[in-house]
Every structure is written in C-alpha cells, then in structure tokens.
S.K.: 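What follows is a structure written as structure tokens; I'll ask about it next.
Proteins get letters first, then strands, A, B, ... in listed order; numbering begins at 1 in each.
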Amino acid sequence: MLGRFRSFSFVDRITRREGGRVEGLYTLPLGVHFPASLMAEAVGQLAAWSAMAQLDFALRPVAGLASAVHYHRLPSPGSTLALQADIERCDAEAVAYSGKAFIDGRLAMELIDSVGPMLPLHEFDAPEALRADLHTLLGAGAAPARFAGVPTPALHDLQTTPGERISAVLQVPDVADAPYFADHFPRRAVYPGTLLMDALASLSLQLVRQSAPLAGSPVAVTKVSQTKIRSFTAPGARLQLEALLQDIGPQRARLKVAARSDDKAVASARIEITPWSAS
Amino acid sequence: MPEQAISQAQIDEVYPKVAQIVADALGCEADEVKPKSSLIADLDAESIDFLDLVFRLEKGFGVKIPRGKIVEDARGPLPEAEFETKGVVTDAGLARLREFLDEVPAERFKTPLKAADVPRLFTTETFCKVVIRAQRALAG
C-alpha cells in the first residue's frame with residue numbers, strides 16, 4: 001500500500017529556507033504521466049511546508065486562489081524540477097506566495113500570486129508526523145519515485161458545441177481507486193484542486209481541438225488565471241464541468257471554465273490555449 | 001483617538017477602482033457592482049472571495065490591510081464581551097456598527113444580528129473606506 005507522504009507528495013528535498021524564499025527538488029518517476037498542473041502542486045506543497053513550519057504545524061494552507069499559472073515547458077518522465085517559492089505573507093488566515101519550477105535550468109512553470117487559506121492542521125494530518133516529514137525533507141530527502149500516477153479524469157456525458165462550449169460530468173474516484181487520497185490528506189480525503197484544474201484543462205483542450213481555426217493543430221494549455229477553489233470535493237463526488245470559449249484565433253483560444261456540485265460553485269478559472277511545439 | 005471622518009468625496013475618489021476590483025474578485029460584470037451592494041447578499045460573495053478581494057485591494061492600491069482588521073475596526077473600542085453575547089451583537093454593538101458602517105442602509109441592521117453575520121452588511125463602499133483607512137495608515 002502506498003502510505004502517507006508517498007503518493008501525492010511532490011517535494012523530494014528542501015534545499016534552502018532563507019527569509020521568505022524556499023527551494024526544493026522533485027524528480028519525476030520514469031514511465032509515469034505527470035500532468036503539467038502538478039508542477040503548480042509541487043510549488044504549492046513547497047510553500048505549504050514553509051508555511052506549516054512557520055506556524056508550528058498548528059495550521060496548514062489549502063488550495064484557494066491563484067492569479068496566474070504560466071506553462072512554458074512540459075515535464076517529461078525522469079526530469080528533475082527545481083522548485084522555488086517566495087512567501088510574501090504568512091499568518092493565521094492565509095499564506096500568499098509566488099513560485100517557479102525549472103527543468104534543466106529553464107523556466108517550466110510560473111505561479112503568480114497564489115493565496116492558500118489556513119485551516120487547522122490536525123483535521124488533515126498528524127502534526128508530529130508532518131514535523132518528521134519536514135525533518136526528512138530538510139535532511140536526506142524522501143525516497144525517490146514514489147508517485148505512481150493519477151487516474152485519467154473520468155469525464156462522462158460529454159456535450160460539445162464546437163466553437164462555443166463543452167460540458168461533462170467528472171466522476172471523482174473513490175478512496176480505494178486513487179492512492180493519492182492517502183496523502184491528500186491522511187485524516188481527510190480531499191480531491192486535489194490541481195487535479196480538478198487538470199480535468200478542466202483537458203476538457204478545454206477537447207473543445208479547442210474541435211474548434212476552427214485551431215482544430216487539428218497541436219495545442220497546449222499555456223496559462224490558467226483567476227483560479228478560485230471555493231470548496232472541498234470529497235472522494236466519489238460528481239462534478240459538473242463546463243468550458244465556454246470566449247474567443248479563438250490562429251494564435252490563441254481563451255476559455256472560462258467552472259466546476260459545480262449540484263448548484264454550488266466549486267471552482268472557476270480562465271484558461272488560455274495556444275499552438276504548441278514540443279521542441 | 002476618534003477616527004477621522006471619511007467624506008463621500010473621498011469614497012467617490014477610490015470607488016471606480018474598488019468597484020472594478022470587486023467585480024474582478026467576484027467574477028461579475030462591473031455594472032452589477034453598486035455602491036450599496038451587499039457583497040454577500042447581492043453579489044454572492046463567499047469567504048474565499050473576501051480573501052481574494054483583500055489581496056487584490058492590497059495589490060491595486062499598494063496598501064496593507066491587516067487580517068481581521070475590518071471586523072476589529074467595526075467593533076471599535078468595545079471589548080468583545082460588550083460587542084457580542086453568545087454570538088449575538090449587543091445593543092451597544094449595534095450602535096457601534098451603525099456608526100462605523102454608516103454607508104450601509106439602516107434597514108439592513110436586523111435584530112437579533114449574529115456576530116458571524118456582520119460581514120453580510122459589508123458593501124462596496126465599506127471596502128472603499130477600508131482602502132482609505134489603509135492609505136491613511138500608510139501615510140502615517
């Protein structure tokens with residue numbers, strides 16, 4: 001069984017904590033797909049370690065807001081992410097930070113103005129266990145290749161109007177079907193906001209790939225902005241996802257995306273998709 | 001020291017930018033945001049939206065808005081025990097709120113008022129005043 005600190009932890013080692021800056025490393029396992037959104041998760045986790053330590057493991061941040069995430073390079077199996085986070089503010093209400101991930105010295109992802117609201121840590125994990133984990137990360141580091149991948153988002157009832165909109169129902173896995181719930185979090189399973197954003201990105205890509213003039217072109221999500229995660233999603237939940245095309249041209253498509261649970265808004269963001277060359 | 005009054009002209013000066021930031025934070029159209037809009041009752045704001053709004057106001061105006069400051073200022077000189085009893089705002093607390101939140105239409109001060117519902121009173125103009133106080137604090 002993949003236990004705590006194993007299946008959804010994207011910091012192998014913390015290499016520097018000085019002032020508001022924290023840096024770390026994470027090596028992607030071989031043979032496992034690593035969604036680009038998990039680079040933002042990795043930077044968020046790095047910032048969370050710093051914030052939890054600063055607040056003596058009484059509180060922990062959860063996903064909340066991000067002004068923008070820019071994707072410049074996609075991670076490939078086996079590559080190492082050099083992570084950094086700059087904590088602008090950290091108190092009992094929230095942590096505010098920006099951060100970056102580099103691959104081979106080149107900027108791969110930039111997270112701008114992210115805010116994570118604080119909640120009592122003991123509701124999510126054992127404070128002493130997290131202290132021990134931090135000690136490991138600051139020392140020898142965690143064992144490598146812990147991540148075994150995440151299930152492809154289960155999108156049902158897909159309805160597409162090319163050039164306009166796409167909607168689907170996302171079936172969030174049950175705890176037994178997704179090892180990441182063991183890590184996220186040990187005392188309270190929560191569907192990671194970054195995976196929800198990945199599902200919304202995947203839906204947006206499906207729409208753009210069917211919409212002129214980008215239909216048939218290789219495209220990728222290059223920017224996600226105004227991200228807001230409003231509430232927790234439990235294992236087994238069904239979410240209604242929707243992506244609305246705002247404008248599309250040969251160089252860029254812009255979409256508004258949202259996830260709802262019944263009539264309650266769960267998350268929203270804006271997504272930009274551009275032609276993409278893997279080189 | 002009693003607070004220096006905030007004039008309508010001062011509110012009007014910052015209002016357009018505050019209203020745009022409110023619209024951006026809540027994801028609504030700018031023309032849906034009115035000076036007397038209750039952010040919760042009229043614009044469906046939730047706690048995460050207030051967090052977003054405060055950070056955007058800080059960035060937009062180059063000010064610092066200490067956490068918990070809005071509710072703390074609303075309570076003013078009253079000790080917490082005199083402001084609320086068992087989670088309900090006292091008469092003295094209500095009098096203080098009516099004075100501090102004088103931009104809020106009088107009929108919205110319903111009794112009994114739960115202390116947790118005080119943010120339901122906050123309007124776009126309330127946040128104009130928050131910005132003006134933060135600017136004053138910055139100016140020393």
Side-chain angles (χ1 to χ4, degrees), chain A residues 47 51 54-55 59 61-68 86-98 111-119 190 193 196 200 224-233 242-244 246 254-261 263-271, chain B residues 17-33 38-75 80 115-116 118-120 122 126-127 130-131 133-134 137-138:
Chain A
Q54 192 173 329
L55 299 172
L59 298 164
V62 293
L65 312 164
S67 284
D86 289 299
I87 314 284
E88 186 185 325
R89 181 167 193 160
C90 179
D91 55 35
E93 187 184 41
V95 59
Y97 62 97
S98 294
L111 174 61
I112 299 169
D113 289 341
S114 186
V115 179
M118 293 289 180
L119 289 171
V190 174
L196 176 54
L200 286 163
V224 180
S225 58
Q226 296 182 43
T227 302
K228 192 174 284 188
I229 309 286
R230 292 179 174 278
S231 57
F232 287 141
T233 298
E242 184 178 52
L244 300 172
Q246 302 289 285
R254 291 195 297 192
L255 305 98
K256 247 173 117 165
V257 299
R260 305 185 71 81
S261 172
D263 279 337
K264 187 170 167 49
V266 170
S268 57
R270 309 220 172 203
I271 285 180
Chain B
K17 190 167 170 180
V18 171
Q20 185 58 56
I21 290 173
V22 168
D24 291 344
L26 304 189
C28 60
E29 298 301 325
D31 60 9
E32 290 178 61
V33 179
S38 157
L39 268 57
I40 292 178
D42 299 328
L43 300 173
D44 299 328
E46 299 175 14
S47 58
I48 188 82
D49 295 310
F50 283 109
L51 194 59
D52 191 9
L53 176 58
V54 167
F55 274 95
R56 285 172 188 260
L57 290 172
E58 287 186 329
K59 295 262 176 208
F61 286 92
V63 295
K64 287 283 178 203
I65 301 170
R67 300 297 166 257
K69 180 80 174 148
I70 306 173
V71 172
E72 189 186 308
D73 283 351
R75 203 170 67 219
E80 196 171 346
V118 170
R120 295 186 70 84
F122 296 167
T126 305
F127 285 91
V130 165
V131 166
R133 288 190 195 98
L138 198 65

S.K.: If I measure from the heavy atoms of chain B, does A:Arg270 come under 4.5 Å with its side chain, its backbone, both, or neither?
M.R.: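 Neither part, no heavy atoms under 4.5 Å.
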
S.K.: Could you give me the CA-CA distance, side-chain angles and deciding distance for B:Glu46 and A:Lys228, then say whether side-chain contact (heavy atoms from CB on, under 4.5 Å) is met?
M.R.: CA-CA 11 Å; B:Glu46 299 175 14; A:Lys228 192 174 284 188; over 6 Å; no

S.K.: Should A:Leu65 and B:Ile48 count as side-chain neighbours, where that means a heavy-atom distance under 4.5 Å?
M.R.: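 In contact.
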
S.K.: Less than 4.5 Å to any heavy atom of chain A: does that hold for the side chain of B:Asp24, its backbone, both, or neither?
M.R.: backbone

S.K.: Quick one: are B:Lys64 and A:Arg89 in side-chain contact, heavy atoms under 4.5 Å?
M.R.: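 Contact flag for B:Lys64/A:Arg89 side chains = yes.
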
S.K.: So, are A:Glu88 and B:Lys59 salt-bridged, with charged N and O less than 4.0 Å apart?
M.R.: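 Salt bridge between A:Glu88 and B:Lys59, a charged N being under 4.0 Å from a carboxylate O: yes.
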
